[in-house]
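Written below as structure tokens is the structure these notes are about.
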Amino acid sequence: MSPPTPRLRRALLVLTTALAALLCALAPLPAAADGPADTARAADTARAADTGRAAGDGPADWTARPAGGGADRDARPYVYLEGTPGTALQDRLAVTNSGRAPLTVRLRGDGRAGAWIGFAADTVTVPARTRAEVPLALTVPPDAVPGDASGVVVADDGDEEVRVPVRVRIGGPTLAALTVEDVEISGGTIRYALVNRGNAMLEPRLAVRADGMFGTLLDRPERPLPLELAPGRRVERTEPWPDAPALDAVTVRLRVTAPGGARDEAEASATYIPVAPAVGGGLLVLGGLALLGSGAYRRRRARRGDPEPPGAESADDRQPTTETRPLVKAGPLVKAGAES
């Protein structure tokens, strides 16, 4: 039997690959086990979402939250303190161990206000099924700017951590200042940035309006945004515009406000041109110009009366020639013979 030709070998290789891919596609995937371990992990994730904790591999059997809230449903959602620059403010953090073994957690502050916090003990061991309250003191710096400051208290057991928000209202004159910047229009999306230029916590509100050549295209009334803007914070956001025009020149205006008199406006312009019709129209224009140019060239040749076949040399292309002949100088005629 003669060896297979290169073409036959390639065909066999393609056929083998296709057959292997078909078998892999038809093979059933292993079913995920829904056993007790998966149920426990789902419960851990749910409890972590309730407490603000990142779910880990072990059970979530401890919590950390502001003390003095009574039942869990009535607990304070964050530590809130008020004071003037240079004062020391006090509160307590409750760590509850609902497990069957002692729990050791480490405490630290994070963020602007978190850096001002000191604990009675940075490491706390809580016996099983016991709740411990840890005193904390927040010292407002003497040069702190009046307004709002935020941070967190972090409780970490080595595997998981709980973050308790901290908010501080610093006494003194406050300034609510908000700006909207870097407005851009990209297809069906409006991009912008919000910046808190004051010293107060802001809850911004946004209104959007877009005007085209023939009237208003978009008019969204003022509505609250799902965020709190701390002093000095900048947030980049997008505003969807699914029904943006296909052909128009538009101007988009954004207006932001916040309690305390903060207000700002910004705008951006864009031109919407469909790509396919624009390319087709350009080709039609070029084709029309080519036809006009060809017709004008033919009429010009017809008026000159010099129709030449394609490729023939025209009279304009030939250089004029001058025929040269020897120049003969005329002189007196001499008769033959001598005169006697």
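We use all heavy atoms of the structure for the numbers below, so side chains are in, but hydrogens, waters and symmetry mates are not.
Judged by distance alone, the side chain of Asp156 and the main-chain N or O of Glu161 form no donor-acceptor pair under 3.5 Å. A donor-acceptor pair under 3.5 Å is formed between the side chain of Asn199 and the backbone N or O of Pro146. Proximity of a side-chain donor or acceptor of Thr87 to a complementary backbone N or O of Pro85 within less than 3.5 Å is not detected. Side-chain atoms of Arg76 come within 3.5 Å of backbone atoms of Ala67 as a donor-acceptor pair (strictly under, hydrogens ignored).
Between Gly187 and Ala244, the shortest heavy-atom contact is O-CB, 3.8 Å. The shortest non-hydrogen separation linking Pro259 to Ala176 is O-CB, 3.8 Å. In plain terms, the two heavy atoms of Arg112 and Ala149 that are nearest each other are NH1-CB, 3.7 Å. Here the closest non-hydrogen pair linking Gly198 and Pro231 is O-CB, 3.4 Å. Taking both residues in full, the closest heavy atoms of Asn97 and Ala101 are given as ND2-O, 2.8 Å, listed atom of the first, atom of the second, then distance. Heavy-atom minimum distance, Met213 versus Asp248: N-OD1, 3.2 Å.
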Evaluate Thr238 against Thr189 for side chain to side chain donor-acceptor pair (under 3.5 Å), listing each step before the verdict. CA-CA 7 Å; Thr238 59; Thr189 303; over 6 Å; no

Any chance you could lay out the side-chain contact (heavy atoms from CB on, under 4.5 Å) test for Glu228 and Arg167, step after step, and finish with the verdict? CA-CA 12 Å; Glu228 287 186 338; Arg167 296 182 182 177; 2.8 Å; yes

Carefully, step by step, assess Val162 and Trp62 under the rule side-chain contact (heavy atoms from CB on, under 4.5 Å). CA-CA 9 Å; Val162 178; Trp62 65 276; 3.7 Å; yes

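Thr216 contributes atom OG1, which lies 4.0 Å from atom CG of Asp211 (distance to the nearest 0.5 angstrom). In this structure, CG on Asn196 lies 10.0 Å from CZ on Arg233, to the nearest 0.5 angstrom. The distance from atom CG of Asp182 to atom CD of Glu236, rounded to the nearest 0.5 Å, is 7.0 Å. The OG atom of Ser269 sits 13.0 Å away from the CD atom of Glu184 when rounded to the nearest 0.5 Å.
Looking at heavy atoms from C-beta onward, Leu138 lies in side-chain contact with Val168 at the 4.5 angstrom threshold. Here the side chains of Tyr78 and Val164 are not in contact, with every heavy-atom distance at 4.5 Å or above. Between Asp157 and Leu103, the closest side-chain pair of non-hydrogen atoms falls below 4.5 Å. The shortest side-chain heavy-atom distance between Arg263 and Arg255 falls under the 4.5 Å cut-off. Between Arg163 and Asp110, some side-chain heavy-atom pair lies under the 4.5 Å cut-off. Contact check for Val153 versus Phe119: side-chain heavy atoms found under the 4.5 Å cut-off.
The same ILVMFWY cluster, assembled from side-chain heavy atoms under 4.5 Å apart, contains both Leu107 and Leu89.
Under a 4.5 Å side-chain heavy-atom cut-off, the cluster of Ile, Leu, Val, Met, Phe, Trp and Tyr residues that includes Val152 is completed by Val154. The hydrophobic cluster containing Val208, built from Ile/Leu/Val/Met/Phe/Trp/Tyr side-chain heavy atoms closer than 4.5 Å, also comprises Leu178, Val180, Val183, Ile185, Ile190, Tyr192, Leu194, Leu202, Leu206, Leu217, Leu218, Leu225, Leu227, Leu229, Val235, Trp241, Val250, Val252, Leu254, Val256, Tyr272.
Tested against Val134 for a side chain to side chain contact (heavy atoms under 4.5 Å, CB included), the candidates Asp91, Val126, Val124, Asp122 yield a single pass: Val124.
Salt-bridge formation is not detected for the pair Arg209/Glu265: no Lys NZ or Arg NE/NH1/NH2 atom is positioned less than 4.0 Å from an Asp or Glu carboxylate oxygen. Classification of Asp61 and Arg100 as a salt-bridged pair fails, no side-chain N sitting under 4.0 Å from a carboxylate O.
Shown here is Arg191, whose CZ atom has no more than 12 heavy atoms of other residues, nucleotides or ligands within 6.0 Å. The environment of CZ in Arg106 is sparse: at most 12 heavy-atom neighbours from other residues, nucleotides or ligands sit within 6.0 Å. Residue-environment remark: CZ (Arg223) exceeds the threshold of 12 foreign heavy atoms within 6.0 Å.
Pairs of residues two or more places apart, or lying in two chains, that qualify as side-chain hydrogen bond (donor to acceptor under 3.5 Å, both in side chains) and include a residue from residues 133-155 are Arg92-Glu133, Arg131-Glu133, Asp148-Arg169.
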